[in-house]
Amino acid sequence: MGINASRLFSLIYGTTLNVGRVMTPTLALIVQREEAIAHFQPESFSTVQISCGFLATSDRISDPAEARRMAAACSMKEAFVRDVVKKGCTT
């Protein structure tokens, strides 16, 4: 497929064009990523952090009022850690 398509497009357009199984999908991925970057819209978010021997951070919360309610509900309360996920490496 790749060799035949390269020959066909080169003959049609009068210049050497490479078309193939690897190049075409790779270029499509690059074009899709460039389009996603061009249409990126930043979104504000909040997180709630508590200190319980280490810093625990919530998921992203899009509503600032909800984040404040969550922080107030956690203020001066006991915390039970169900799961710990370490992200990145701090030395």
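Interatomic distance, OG of Ser6 versus CG of Leu11, reported as 11.0 Å (0.5 Å rounding). In this structure, Glu34 CD and Leu27 CG are separated by 11.5 Å, a value rounded to the nearest 0.5 Å. Going from atom CD1 of Ile30 over to atom CD of Glu35 covers 14.0 Å, rounded to the nearest 0.5 Å. Taking CZ of Phe45 as the reference point, atom CG of Asp63 lies at 14.5 Å (rounded to 0.5 Å). For the atom pair CZ (Arg68) and CE (Met70), the distance works out to 13.0 Å, reported to the nearest 0.5 Å.
Residues Leu17 and Ile12 share a hydrophobic cluster, clusters being chains of Ile/Leu/Val/Met/Phe/Trp/Tyr side chains in contact below 4.5 Å.
Formation of a donor-acceptor pair under 3.5 Å by the Thr47 side chain with backbone atoms of Arg60 is not found in this model. Using modelled atom types, one side-chain atom of Ser58 and one backbone atom of Val48 make a donor-acceptor pair closer than 3.5 Å.
Nearest heavy-atom pair across Ser46 and Pro64 is OG-CA, 4.0 Å.
Counting non-hydrogen atoms of other residues, nucleotides and ligands closer than 6.0 Å to CD of Glu43 gives a total of 12 or fewer.
Listed by chain and number, the hydrophobic cluster partners of Leu29 come to none, as no ILVMFWY side chain reaches under 4.5 Å of it.
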